[in-house]
Amino acid sequence: MALIFKLAAAALCGAFLAAFLRPVSPVFGILTALACGLVILYAVLDPVGQIFNALSGFLTAAGISGEIYLPVIKAVGIAVIVHITSQVCRDAGESALGSKLELAGTIAAIAACIPLMQQVFTLLETMLL
């Protein structure tokens, strides 16, 4: 809980500093916002690792194969990276680039889930025959 308050404070400070610098130098404004975002992402690496370890433990205890949940984790990772990057593009005034990145991310997430879809179809075929 304390981490989120620290991160919110860091985000506000970074936003104010970027807003102050943007009229003086747009490049420094964007770089300030990007640096602040990277600091925030770095700060949440440990909790994200804990989440993945816990989920992996739960799924292993339930007897679910890694072949089933790894594509879903990859798709979620792709979605998070694309969302953050497209927002940075929009902040830099390149909303068209951010939209194209979101389309590419959607295609990449679907491609990452192809092994899972193959397993679902194999299971359905086994159940129907």
Legend entry - Contact list for residues 98-122, test salt bridge (Lys or Arg N to Asp or Glu O under 4.0 Å), sequence neighbours left out: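 The answer is R90-E102.
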Legend entry - Qualifying salt bridge (Lys or Arg N to Asp or Glu O under 4.0 Å) pairs, either residue in residues 111-129, two or more places apart: none
With hydrophobic residues grouped by side-chain heavy-atom distances under 4.5 Å, do [X] and [Y] end up in a single group?
{"X": "L34", "Y": "V27", "answer": "no"}
{"X": "V88", "Y": "L12", "answer": "no"}
{"X": "L59", "Y": "V72", "answer": "yes"}

How long is the gap from [atom1] on [X] to [atom2] on [Y], to the nearest 0.5 Å?
{"X": "S56", "Y": "I51", "atom1": "OG", "atom2": "CD1", "result": "13.5 Å"}
{"X": "T32", "Y": "L17", "atom1": "OG1", "atom2": "CG", "result": "5.0 Å"}
{"X": "Q119", "Y": "I114", "atom1": "CD", "atom2": "CD1", "result": "13.0 Å"}
{"X": "I107", "Y": "I78", "atom1": "CD1", "atom2": "CD1", "result": "11.5 Å"}
{"X": "I81", "Y": "T85", "atom1": "CD1", "atom2": "OG1", "result": "7.0 Å"}
{"X": "F52", "Y": "Y69", "atom1": "CZ", "atom2": "OH", "result": "11.0 Å"}

What's the shortest heavy-atom distance between [X] and [Y], and which atoms?
{"X": "L7", "Y": "V44", "answer": "CD1-CG1, 3.5 Å"}
{"X": "A11", "Y": "I40", "answer": "CB-CD1, 3.7 Å"}
{"X": "L3", "Y": "P47", "answer": "CD2-CG, 4.0 Å"}
{"X": "R22", "Y": "A33", "answer": "NH2-CB, 4.4 Å"}
{"X": "L101", "Y": "V82", "answer": "O-CG1, 3.6 Å"}
{"X": "A75", "Y": "C113", "answer": "CB-SG, 3.7 Å"}

Inset, instruction - Could you tell me whether a side-chain N or O of S86 sits under 3.5 Å from a main-chain N or O of H83, the two making a donor and an acceptor? - result: yes
Legend entry - T122 side-chain N/O to Q118 backbone N/O, donor-acceptor pair under 3.5 Å: yes
Legend entry - With sequence neighbours excluded, residues passing side chain to side chain donor-acceptor pair (under 3.5 Å) with Q50: D46
Inset, instruction - Decide yes or no for L21 and S25: does some side-chain heavy atom of the first lie under 4.5 Å from some side-chain heavy atom of the second? - result: no
